[in-house]
**Student:** 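Have a look at the structure that comes next, please.
To find a chain, count down the sequence lines: A is the first, B the second, and so on, and within it residues start at 1. All values reported here derive from a predicted model rather than from experimental measurement.
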2 protein chains.
Amino acid sequence: MQITIDIDAEEPLFAQLMGGIKAAVSAGTLAPGAPLPSIRQLANDLDLNNKTVAKAYQLLERDNIIQTKGYRGTFVHPDAKAHVDFDLNAWVAGQISDTVEACRARGATDSEIRIAFANLMQNKMNGGQ
Amino acid sequence: MQITIDIDAEEPLFAQLMGGIKAAVSAGTLAPGAPLPSIRQLANDLDLNNKTVAKAYQLLERDNIIQTKGYRGTFVHPDAKAHVDFDLNAWVAGQISDTVEACRARGATDSEIRIAFANLMQNKMNGGQ
DNA sequence: CTATGTACCATGTATATAAGGGGTACATCT
DNA sequence: AGATGTACCCCTTATATACATGGTACATAG
């Protein structure tokens, strides 16, 4: 598994790592069921912090690309190749884009949309206005 | 028109002003067609900055509560009472809430949703992953 | 004892934004 | 000249967040 991490890149480190693993799965370098390095091992190899690798692993598991089996380590998900093409972030971006467009069409300013979003994500819901 | 502005309130000054004017329109204190104080005049009376009052007026005109007629001043919109009950911000909040819920249901983290939203509103659209 | 993933505490850096203010200037019409 | 709404420029304040890092600790199973 050859993954290159560029400290100076704009893309976050954990995202680079995710991309590298997904690419390896897609290319077959990482076959379904194959074991992945432990978090600490990979962090050491790539000169990353444990938490950065752990974050990438958690998101990859959430996306059904890998599977963690506790003390037994982490493995490529049996159906990894079926899920590696689905980009959740892209789907989310599309959903949000549609909604924002609808709000703009109703006359809402970007500032208002941002505020509504921020209130929602903070569970504040002051109502305001 | 009796509008009280509380400097120490959490609600922004321009929002307080908007609320006060909408309340006056709703109560009939400000009848459709009635003239409103000029931006500078109202800013002086309420001890606000011109730009704060101008912002409130702009949003109220956008919401069809008032009408500005350039050098002739600003007036209550003829159909103000029909529009005063529609809360654009509440509508926007509802739309966004639905979309965010859908994204969460697909497994997206709040952090990912925030990032997708921020990218969209900045016209960056790096894609990233 | 060692390794696994995971959880929690904390830090620092950088970015983006809201809200409000101060000032200046403009075309318009009276 | 004076008033109108409007449009720029600048600024400070506070808040929220992402990202990455440090350390410590835990239950699990070998």
**Student:** OP1 or OP2 of C/dT15 less than 4.0 angstrom from a side-chain nitrogen or oxygen of B/Gln122, does that happen here?
**Tutor:** no
**Student:** Within a strict 4.5 Å, meaning less than it, do heavy atoms of the A/Asn64 and A/Asp79 side chains meet?
**Tutor:** no
**Student:** Just call it for A/Gln67: base, sugar-phosphate, or nothing, with non-hydrogen atoms closer than 4.0 Å on any strand.
**Tutor:** nothing
**Student:** Looking at side-chain heavy atoms only, is the closest gap between B/Phe117 and A/Val100 below 4.5 Å?
**Tutor:** yes
**Student:** For a quick test of reading the model: is some side-chain N or O of B/Ser111 closer than 4.0 Å to OP1 or OP2 of D/dA18?
**Tutor:** yes
**Student:** Quick check for you: to the nearest 0.5 Å, what is the distance between B/Asp47 atom CG and B/Ile7 atom CD1?
**Tutor:** 6.5 Å
**Student:** Base, sugar-phosphate alone, or nothing: which one does A/Gln41 contact when heavy atoms must sit under 4.0 Å apart?
**Tutor:** nothing
**Student:** Output the single nucleotide from C/dG5, D/dA16, C/dA18 whose closest atom is nearest the side chain of A/Thr74.
**Tutor:** C/dG5
**Student:** Taking only the side-chain heavy atoms of B/Arg114 (C-beta and beyond), determine which of C/dA7, D/dT17, C/dG5 contains the nearest atom.
**Tutor:** D/dT17
**Student:** Quick one: does B/Thr109's side chain get under 4.5 Å of A/Arg62's, heavy atoms only?
**Tutor:** yes
**Student:** Measure CG/B/Asn44 against P/D/dA3 and give the value in whole Å, please.
**Tutor:** 12 Å
**Student:** Taking OP1 and OP2 of C/dA3, is either one under 4.0 Å from a side-chain nitrogen or oxygen of A/Ser38?
**Tutor:** no
**Student:** Summarise protein proximity over nucleotides 20-30 of chain D in one line of letters, 5' to 3': B for base, S for sugar-phosphate only, - for none, counting protein heavy atoms closer than 4.0 Å.
**Tutor:** SBBB-B--BSS
**Student:** Of the listed nucleotides (C/dT6, D/dC19, D/dT17), which one gets closest to any side-chain atom of B/Ile115?
**Tutor:** D/dC19
